[in-house]
Amino acid sequence: MSFKVPLTPISRPAKASVGKTGLWRFLKPVIELKKCKKCGLCWMYCPDIAVTFDEMGFPHINYDFCKGCGICANECPTGAIKMVREGL
Ligand code: SF4
Ligand code: SF4
């Protein structure tokens, strides 16, 4: 079963932020897909709509808009998202 993204008034990351916020980041979220249960909480809590889903229902991070706040990693119920230093 895959997660269906519901309609939202903020439909694109550029509409949810002041522009490309990826350059602010010094930590970045990395998703370990084998731990992901496709619950969609990372998308739901991301303040920049920087999480999208592939055709299999797995989440992916849009690093142009992810500012590295870590909320997705904090909310992920399976520990599938780890925050790692940029450039590592
Ligand atoms: S760290 Fe996670 S919650 Fe924060 S902006 Fe990036 S994808 Fe969104
Ligand atoms: S919150 Fe975690 S388990 Fe849920 S979809 Fe995101 S990465 Fe997968």
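When a ligand or atom number is given, it counts from 1 through the structure's own listing order.
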Look at [atom] and say which protein heavy atom is nearest, naming residue and atom and giving the distance to 0.1 Å.
atom: atom 8 (Fe) of ligand 1; result: C46 SG, 2.3 Å
atom: atom 1 (S) of ligand 1; result: G70 N, 3.2 Å
atom: atom 2 (Fe) of ligand 2; result: C76 SG, 2.3 Å
atom: atom 5 (S) of ligand 1; result: K67 N, 3.5 Å
atom: atom 6 (Fe) of ligand 1; result: C66 SG, 2.4 Å

Quick one: which ligand 2 atoms are inside 4.0 Å of a heavy atom on [X]?
X: T78; value: 3 (S)
X: P77; value: 1 (S)
X: C39; value: 1 (S), 3 (S), 4 (Fe), 5 (S)
X: K37; value: 3 (S), 8 (Fe)

Nearest-0.5 Å distance, CE of residue M83 to SG of residue C72: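 M83 CE to C72 SG: 6.0 Å, rounded to 0.5 Å.
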
Residue portion contacting ligand 1 (non-hydrogen atoms closer than 4.0 Å) for P29: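 Side chain only.
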
Ligand 2 versus K35: contacting region, heavy-atom distance under 4.0 Å: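 None of K35 does.
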
For ligand 2, the portion of I81 having any non-hydrogen atom under 4.0 Å away: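 Answer for I81: side chain.
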
What pair of heavy atoms forms the shortest contact from [X] to [Y], and how long is it?
X: P59; Y: I31; value: O-CD1, 3.5 Å
X: W43; Y: I49; value: NE1-CG2, 4.3 Å
X: F53; Y: G40; value: CZ-CA, 3.9 Å
X: V51; Y: C46; value: CG2-CB, 4.1 Å
X: P29; Y: Y63; value: O-OH, 2.5 Å
X: I81; Y: A73; value: O-CB, 3.5 Å

Worked verdict on E86 versus R25 for salt bridge (Lys or Arg N to Asp or Glu O under 4.0 Å): CA-CA 7 Å; E86 274 291 342; R25 194 178 57 238; 2.4 Å; yes

G68: numbered ligand 1 atoms lying under 4.0 Å from its heavy atoms: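 Answer, ordered by atom number: 1 (S), 6 (Fe).
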
Interfacing atoms of ligand 1 (cut-off 4.0 Å, heavy-atom, C72):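 Contacts of ligand 1 toward C72, numbered from 1: 1 (S), 2 (Fe), 3 (S), 7 (S).
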
Side chain to side chain, K28 and I61, heavy atoms closer than 4.5 Å: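 In short, these two side chains do not touch, never coming nearer than 4.5 Å.
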
Beyond-backbone contact of K37 with P77, side-chain heavy atoms, under 4.5 angstrom: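 A side-chain contact under 4.5 Å exists here.
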
N, O or S from C69 under 2.8 Å to atom 6 (Fe) of ligand 1: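 Of the N, O and S atoms in C69, none lies under 2.8 Å from atom 6 (Fe) of ligand 1, which means no.
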
Heavy atom of P47, distance to ligand 1 below 4.0 Å: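 P47 counts as a contact of ligand 1 under the 4.0 Å cut-off.
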
